[in-house]
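What follows is a single structure, written as structure tokens, with notes after it.
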Protein chains: 6
Amino acid sequence: MQILIINPNSDPEMTAAIQNSAESFAGGQFEVVTKPTPGAPKFIETYTDEVQAAPGMMQLVRVNEDEFDAIIVACHCDPNLDAIKEMTVKPVVGIGEASMKMATMLGHNFSVVTTAMHSIPGKLAQARRYHLQDLMVSVRAPEADASACEDEELFLQLAKAAVEEDLAEVIVLGCAGLTGMDKLIQEKLGVPVLDGVICALVIATGLVRCGLSTSKVLGYNPEY
Amino acid sequence: MQILIINPNSDPEMTAAIQNSAESFAGGQFEVVTKPTPGAPKFIETYTDEVQAAPGMMQLVRVNEDEFDAIIVACHCDPNLDAIKEMTVKPVVGIGEASMKMATMLGHNFSVVTTAMHSIPGKLAQARRYHLQDLMVSVRAPEADASACEDEELFLQLAKAAVEEDLAEVIVLGCAGLTGMDKLIQEKLGVPVLDGVICALVIATGLVRCGLSTSKVLGYNPEY
Amino acid sequence: MQILIINPNSDPEMTAAIQNSAESFAGGQFEVVTKPTPGAPKFIETYTDEVQAAPGMMQLVRVNEDEFDAIIVACHCDPNLDAIKEMTVKPVVGIGEASMKMATMLGHNFSVVTTAMHSIPGKLAQARRYHLQDLMVSVRAPEADASACEDEELFLQLAKAAVEEDLAEVIVLGCAGLTGMDKLIQEKLGVPVLDGVICALVIATGLVRCGLSTSKVLGYNPEY
Amino acid sequence: MQILIINPNSDPEMTAAIQNSAESFAGGQFEVVTKPTPGAPKFIETYTDEVQAAPGMMQLVRVNEDEFDAIIVACHCDPNLDAIKEMTVKPVVGIGEASMKMATMLGHNFSVVTTAMHSIPGKLAQARRYHLQDLMVSVRAPEADASACEDEELFLQLAKAAVEEDLAEVIVLGCAGLTGMDKLIQEKLGVPVLDGVICALVIATGLVRCGLSTSKVLGYNPEY
Amino acid sequence: MQILIINPNSDPEMTAAIQNSAESFAGGQFEVVTKPTPGAPKFIETYTDEVQAAPGMMQLVRVNEDEFDAIIVACHCDPNLDAIKEMTVKPVVGIGEASMKMATMLGHNFSVVTTAMHSIPGKLAQARRYHLQDLMVSVRAPEADASACEDEELFLQLAKAAVEEDLAEVIVLGCAGLTGMDKLIQEKLGVPVLDGVICALVIATGLVRCGLSTSKVLGYNPEY
Amino acid sequence: MQILIINPNSDPEMTAAIQNSAESFAGGQFEVVTKPTPGAPKFIETYTDEVQAAPGMMQLVRVNEDEFDAIIVACHCDPNLDAIKEMTVKPVVGIGEASMKMATMLGHNFSVVTTAMHSIPGKLAQARRYHLQDLMVSVRAPEADASACEDEELFLQLAKAAVEEDLAEVIVLGCAGLTGMDKLIQEKLGVPVLDGVICALVIATGLVRCGLSTSKVLGYNPEY
């Protein structure tokens with residue numbers, strides 16, 4: 001089985017980090033290839049970033065879909081997910097959708113830890129799009145924009161505040177750039193911590209094995 | 001006052017129809033210019049159509065924003081609306097958003113009449129995005145895809161069914177291509193019928209006169 | 001075009017303030033007349049105040065409807081709005097409804113700044129009535145009842161707290177008595193601030209120009 | 001214990017029917033007096049009817065509250081209920097509120113059978129006001145307005161359709177004028193049928209015995 | 001009339017406290033018998049406690065239903081309520097359901113005061129099950145688990161915080177073990193305080209007098 | 001990896017059918033053992049059935065948890081799921097929860113096809129418990145109770161009606177007894193069809209590989 005992971009931004013470092021997490025999870029049981037998006041911004045932070053990533057993402061799908069069994073969109077805001085689901089017969093999974101929906105099976109609620117305050121309104125809108133708004137008790141982000149996703153201590157403190165002050169039972173890492181940080185926070189806090197890249201691999205490989213993909217019977221155009 | 005109307009598709013006929021409705025409503029009190037979107041599909045029907053219209057729409061905004069006081073996105077599914085709102089300091093209004101929100105001030109509920117069954121799931125998702133899902137009692141579309149938006153009798157019958165069977169009190173025309181059909185249906189059925197192009201002009205000119213535009217304090221990136 | 005503004009209370013000072021804001025916005029392009037409600041309380045603060053204002057409000061409509069093109073109810077709690085909409089063929093707009101619905105087009109959420117803590121439960125119920133409860137992030141009011149609506153500094157601080165602590169992107173002035181305070185707060189905070197009187201004028205004049213009014217096909221009795 | 005039932009309309013026949021049901025339920029264990037509302041319309045059907053009943057209802061409360069232990073508002077649309085709750089220290093119960101909330105304890109959902117199609121939008125809004133909108137599966141009313149509430153067969157058929165077609169488990173009689181029809185429909189259909197007058201007596205006498213009444217700590221003005 | 005109160009736990013002290021409250025409320029007008037649940041845990045705190053109480057609760061119903069007119073489940077989390085409603089023709093009332101639904105008739109919202117932080121997620125889920133989630137403004141519990149339900153001062157302070165910080169208008173005692181504490185807190189805070197045992201008696205005796213019980217027409221199996 | 005599937009009923013045939021589907025899906029990559037519940041009813045149809053299955057289910061967990069990596073509850077109504085999640089440190093997945101949540105990743109909505117009309121209210125309540133009520137467009141069941149789950153044609157027709165009349169995009173098989181019917185219906189209708197047993201295996205094996213299990217930080221008692 002071969003899984004294509006689209007990193008919607010063009011950053012080689014984040015692409016490598018995602019590939020690293022994915023390979024480690026795959027453990028040789030399936031193949032996984034992460035590709036950065038040509039022409040996309042270096043980081044997907046805004047609505048315009050999302051829109052600007054679209055042509056490159058669609059091109060990646062068009063060029064690669066035949067060789068892969070499933071496609072993952074590896075930005076936690078799930079940019080252009082409906083369009084990607086529509087344009088291919090292969091199953092498509094967003095890391096935001098997969099992680100937030102799996103989180104609801106592990107506790108009464110969840111909190112998302114993310115990289116910037118200005119992502120909060122968009123994250124709330126996204127949760128609502130998935131009908132998860134009443135299950136997401138909070139979105140926690142650093143007051144000052146995090147220059148480095150690598151600051152594990154910072155995100156650990158945010159997760160701790162979510163558990164202690166917002167009564168969160170489960171933590172979702174709200175940015176692909178935080179991939180790999182799940183185990184550390186989980187150990188320190190004693191609550192499940194979900195890495196979207198891993199969650200999406202669970203769902204995507206599962207869909208492939210089940211023979212399931214996006215319904216094209218009505219709302220998603222079957223011609224693509 | 002000058003209003004730019006972006007027609008997110010590239011069809012010159014629909015562009016002309018929108019311009020015609022808009023000018024007629026403006027009545028010389030403000031100027032209005034409708035532009036088709038370069039590089040966009042001929043008709044916006046699918047999620048991929050929406051995404052494909054984005055680069056051209058953003059280019060239209062970038063090139064024209066200085067000369068205009070407000071911008072209208074004239075496709076009822078409000079494609080790329082958040083990105084357009086984000087990238088300019090001028091007020092931006094979608095015809096879907098304006099018409100559905102104005103409809104709620106005229107009755108207990110509303111129904112949307114649109115051109116194709118396969119638009120229904122997307123229209124429901126859009127209504128939910130605006131928190132209108134419990135106010136929109138139905139979406140009515142022809143069983144066979146309407147080849148011609150000009151078939152007024154067809155849309156009149158759909159609106160009639162919405163009023164009689166779904167107990168709709170207000171009708172929203174769910175496609176820019178239906179512009180101009182509002183008065184006829186309103187007269188025949190005796191219920192308010194809203195044309196999104198006109199509604200968006202009401203809101204856009206109002207925002208200009210009020211000195212109001214999109215908030216850039218948190219979720220919409222102020223750098224654009 | 002002539003717009004009647006009903007001030008549901010009997011206070012001549014607030015009536016003058018509303019008329020002043022309205023005239024200034026009209027700028028000679030349409031006529032506007034504000035009338036206080038005979039027999040109404042001096043200030044509309046409670047459910048019984050709302051009910052006591054009803055006979056006078058209905059009388060104002062009955063006497064004046066023929067001469068005016070639209071009617072505005074200028075108390076932010078929109079007292080007796082359904083009855084006023086029902087009893088006339090002219091379009092009727094409440095300043096609460098207009099301002100809160102327009103606010104949703106300018107940001108991901110809004111906060112209402114109002115004059116008294118005891119108005120909070122009623123404001124929440126009103127937002128819910130308009131299906132806006134999940135878009136209204138907070139209602140901010142002075143701890144001690146504001147003796148004077150003129151205290152701009154007080155309301156500026158409340159709006160500031162809404163933006164900084166509640167992450168509000170848009171501010172709605174939640175009392176007709178605050179009319180005219182929008183520009184100052186908007187300038188100071190850099191977020192859109194909506195004055196209900198002005199918003200209602202935008203909607204009311206728009207409805208007149210569109211030839212739209214309350215649907216009388218089912219829930220609002222057409223005999224009135 | 002003495003219970004005052006306010007019939008918000010001025011019809012002596014409906015007043016007598018309500019008194020009859022109430023006395024029969026009281027069975028001598030408490031006293032109950034039903035009074036018609038001076039100056040109110042003959043039947044409460046519209047928003048303006050509701051508003052017109054207000055002055056008389058408030059007068060009835062003011063004159064009688066000292067002699068009674070609780071007050072019931074006996075119109076299923078619960079007109080002016082918040083104002084009546086606010087203006088007295090005695091517990092106040094609406095027959096719409098009591099019957100719909102008690103219905104939720106007897107089944108997974110309920111349906112309201114009422115007298116006229118044009119009441120449907122208002123009934124939906126009322127259910128939403130009580131957060132019951134997802135528990136009320138339907139509102140059933142005669143296609144032609146029922147000239148006579150006495151037509152038991154008509155309302156039996158409506159209730160039957162609610163059970164069979166809408167999968168209603170509980171029926172609520174949606175008009176005080178239907179009082180006394182509950183037992184017949186319950187026997188014929190084998191589902192619980194709730195008469196609002198009786199439900200309100202259960203709640204009102206219960207509140208008196210519990211020493212409970214409307215909270216005046218914030219939203220309901222304690223000065224009344 | 002005879003009412004059976006099932007205490008879902010096996011604690012004789014709590015059984016006696018419930019019986020005491022109930023008898024005092026009954027005042028000789030009806031008979032009431034409280035029984036502890038054989039084989040149940042000493043205190044119902046967890047999901048497994050709830051499940052473990054089920055066999056004993058069902059046995060109590062089977063053995064006693066013929067002699068009683070209605071059955072009350074006297075644990076505020078309403079354990080196994082659907083099964084108990086299903087298995088008997090007699091009306092069944094949970095103290096959680098009764099108290100939270102009656103609370104909504106006395107104010108704009110309510111807060112639940114309960115005995116342990118770890119009950120909060122379950123209480124939120126329970127409120128949602130009854131469609132009350134937006135009416136319950138908070139659940140307040142002691143930071144450290146309360147060893148003794150008798151600590152009135154502790155629960156008074158929690159209720160006070162709910163009123164002052166969460167703007168609660170009504171307090172619901174969220175544990176049968178708090179029975180009898182309502183009057184004290186109500187007097188001290190000046191807001192309605194509801195004791196679930198008493199509320200359930202109001203509803204249960206009312207249902208008996210109305211001849212109402214659980215609908216068995218569809219979702220609750222009529223064979224039991 | 002070893003997965004325990006608990007069949008909450010005691011039927012050996014259904015146990016074999018579940019084991020068969022599970023083994024076939026596992027394809028030798030992990031081990032799976034399905035066990036019937038001692039002392040449980042032959043079929044889980046009612047609330048009392050669910051409760052009666054609890055002691056045996058808990059016993060199965062207690063006896064087997066050490067040998068297995070994850071536990072699946074294989075009845076689509078997810079009986080006693082919270083208690084089972086609470087009492088073990090191993091991940092626990094319900095087939096109802098897994099299938100309905102995975103369904104939301106494959107289309108705009110889903111419909112559940114189940115075996116009996118009287119399950120409909122319970123299925124709606126279950127969907128609401130998972131916050132899926134607005135995504136589940138319908139529950140379809142045979143008018144007459146299906147004596148045999150093997151009647152594929154019957155369930156195919158129900159699924160077809162869901163797609164054509166309810167505009168369902170995805171079908172969820174709402175009973176473990178329908179396991180194995182997914183491929184046939186999927187082929188015939190051209191929409192994704194989900195078998196809960198398979199979906200639960202996807203999630204359960206995924207959770208094991210991720211090192212994730214139920215949060216015990218607050219609402220689920222960590223002592224079990």
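Basis for what follows: all heavy atoms, side chains included, without hydrogens, waters or symmetry-related copies. Numbered from 1 within each chain, the chains take letters A, B, ... in sequence-line order.
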**OP:** Quick one: which of E/Ala168, E/Ser213, E/Pro222 has the most heavy-atom pairs under 4.5 Å with chain D, could you say?
**Re:** E/Ser213
**OP:** Check whether E/Lys101 gets within reach of chain D through its side chain, its backbone, both or neither, counting any heavy atom under 4.5 Å.
**Re:** both
Subject >> Test item: E/Phe110 and D/Ser215 side chains (from C-beta on) under 4.5 Å apart, heavy atoms >> reply: no
**OP:** Report yes if some heavy atom in the side chain of D/Leu189 is under 4.5 Å from a heavy atom in the side chain of E/Val217; otherwise report no.
**Re:** no
Subject >> Contact leader toward chain D among E/Gly94, E/Gly107, E/Pro192, E/Gly206, where contacts are heavy-atom pairs under 4.5 Å >> reply: E/Pro192
Subject >> Max heavy-atom pair count under 4.5 Å with chain E, selected residue of D/Val170, D/Asp82, D/Leu135 >> reply: D/Leu135
Original post:
Heavy-atom distance under 4.5 Å to chain D: side chain of E/Val163, backbone, both or neither?
Top reply: side chain
Original post:
Would one find more than 12 heavy atoms of other residues, nucleotides or ligands at under 6.0 Å from atom NZ of E/Lys183?
Top reply: yes
Subject >> More than 12 heavy atoms from other groups under 6.0 Å of CD on D/Glu13 >> reply: no
Original post:
Just by distance, do the side chain of D/Glu169 and the backbone of E/Lys216 share a donor-acceptor pair under 3.5 Å?
Top reply: no
**OP:** Specify which of E/Leu106, E/Val202, E/Thr104 makes the most heavy-atom pairs with chain D at under 4.5 Å.
**Re:** E/Leu106
Original post:
Quick one: NE2 on E/His108 to OG1 on D/Thr214, what's the gap to the nearest 0.5 Å?
Top reply: 10.0 Å
**OP:** Measure the spacing between CG of D/Asp182 and SG of E/Cys210 and express it to the nearest 0.5 Å.
**Re:** 8.0 Å
Original post:
Which heavy atom in E/Leu212 sits nearest to a heavy atom in D/Val193, and how many Å separate them?
Top reply: CD2-O, 3.6 Å
Subject >> Nearest-0.5 Å distance that lies between atom NE2 in E/His131 and atom CD in D/Gln133 >> reply: 8.5 Å
Original post:
CE/D/Met105 to CG/E/Leu207 distance, rounded to the nearest 0.5 angstrom?
Top reply: 7.5 Å
Original post:
Does E/Gly211 offer a backbone N or O that forms a donor-acceptor pair with the side chain of D/Gln186 under 3.5 Å?
Top reply: yes
Original post:
Given a strict heavy-atom distance threshold of 4.5 Å, which part of E/Thr205 is in contact with chain D: side chain, backbone, both, or neither?
Top reply: side chain
